[in-house]
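Data block below; observations after.
Below, chain A is the first sequence line, B the second, and so on; all start at residue 1. All values reported here derive from a predicted model rather than from experimental measurement.
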There are 2 protein chains.
Amino acid sequence: MTTTHRSPALAATSVEEAVEALRERGLRASAARRLVLEALYGADGPLSAERVAEGLEGRLPRSDLASVYRNLETLEEVGLVRHVHLGHGPGLYALAAPEHEYLVCESCHAVRTVASEELDAVRTQVREQFGYEPRFAHFPLVGLCPDCISESHGHEERKRAHS
Amino acid sequence: MTTTHRSPALAATSVEEAVEALRERGLRASAARRLVLEALYGADGPLSAERVAEGLEGRLPRSDLASVYRNLETLEEVGLVRHVHLGHGPGLYALAAPEHEYLVCESCHAVRTVASEELDAVRTQVREQFGYEPRFAHFPLVGLCPDCISESHGHEERKRAHS
DNA sequence: TAGTTTTTGCGACTCGTTCGCAGTTACGCA
DNA sequence: TGCGTAACTGCGAACGAGTCGCAAAAACTA
């Protein structure tokens, strides 16, 4: 395989289903690979490779960080996994199944996950005005969240501007 | 100075004017600092610290990378400079003067710079629907540009998905 | 011109991520 | 059931982007 294809999202509702999808394309279900899948199924939000390698703080056996990265990449090629860049800090990985997009707050870094359709009106506006088809699944929409907007009435932010 | 304030944009239309602004807050106009300013004035778009340190490929004397970073930070605190994260790759720095925001293409990485007001309709849509006040000056709006949309009709992209 | 304080330039270091490679392991087939 | 051969692992070393510590050098000030 020479081309690094980004496949369409592939829904698998269990590790075993995911393993099946892997085998269908001649990929193997190694222990390390299963561990990555288990971490992603066991998490309630996107995970850094680091957290996966640490086995979700001990809930799973730890594994080698380089292998975790390679497996996340493989799983992403297959379409089982997707990653996001939520501002600074490491990339975060999650199961690809439900098509999610992200809004993050520039000030407090809170993340809001929304279903893709919820952004259709925004998408239409941008498409009509600029011809761009915005996508907030890989890079989020960044702005000030409602909380930080109200806080910034009158006085400036006091968090370090980790910009 | 303990707080790392993000100052409002400060317009300076020449290196000398910028130097003046520096001196007003007790900062010095060192050679290295002027060099950074000259690079930014001499460039036609946002620059990486690396390119500044290399003196725009030889057009200016090269300088120390760590100092360039420190100076960019200082200039940003003063409000003369602003930086963007256009997808992957290093952060890019530009003079702060005109309030710009960015649209970038997820596929071909083309960058479109737009005046802030042009995004007001989008901003209103997002604010009304989510309460977020989107800002595309520090992290851009990411999507598919018109060219890549038409190209992707029928066949998939062939660039490496440097995601 | 001397004194003080900022800034420089260098090297060492961090963090997130990738690469090279020898050793292991999963699967396909006998 | 075991055997060969790919795919995969785990380690260490390297990467690019950015930061930090520190002694030496400049910039402003009196």
From CG of A:Asp64 across to P of C:dT24 the rounded distance in Å is 15 Å
Separation of C:dT18 C1' from B:His88 NE2 (nearest whole Å) = 14 Å
Do the non-hydrogen side-chain atoms of A:Tyr102 and A:Leu86 ever get within less than 4.5 Å of each other?
-> yes
Rounded to the nearest 0.5 Å, what's the gap from CG on B:Leu141 to CD on B:Glu106? Could you check?
-> 10.5 Å
For B:Arg25 and C:dT5, give me the distance from atom CZ to atom P, rounded to whole Å.
-> 21 Å
Are B:Glu16 and B:Arg34 ion-paired here, with the side-chain N under 4.0 Å from a carboxylate O?
-> yes
Flag side-chain contact, heavy atom, 4.5 Å: A:Leu80 against A:Leu22 = yes
Separation of atom CD in B:Glu24 from atom C1' in D:dC28, rounded to whole Å = 16 Å
Would you indicate whether the side-chain heavy atoms of A:Val81 and A:Val36 approach each other to under 4.5 Å?
-> no
Taking protein heavy atoms under 4.0 Å as touching, what does nucleotides 13-25 of chain D look like 5' to 3' if B marks base contact, S marks sugar-phosphate-only contact and - marks none?
-> ----SBBBB----
Pair B:Arg135 + B:Glu101: basic N to acidic O under 4.0 Å | no
Any donor-acceptor N or O pair under 3.5 Å, side chains B:Ser67, B:Arg70 | yes
Tell me, do A:Val142 and B:Phe136 make a side-chain contact under 4.5 Å, heavy atoms counted?
-> no
Take the C1' atoms of the five end pairs on each side of the helix from C:dT17-D:dA14 to C:dA30-D:dT1, derive the two axes, and give their angle rounded to 10 degrees.
-> 30°
B:His88 side chain near A:His85 side chain, heavy-atom distance below 4.5 Å = yes
Sidechain N-carboxylate O distance under 4.0 Å for B:Glu128, B:Arg123 = no
Base-contact (B) and sugar-phosphate-only (S) positions in nucleotides 25-30 of chain C, heavy-atom cut-off under 4.0 Å, - elsewhere | BBS---
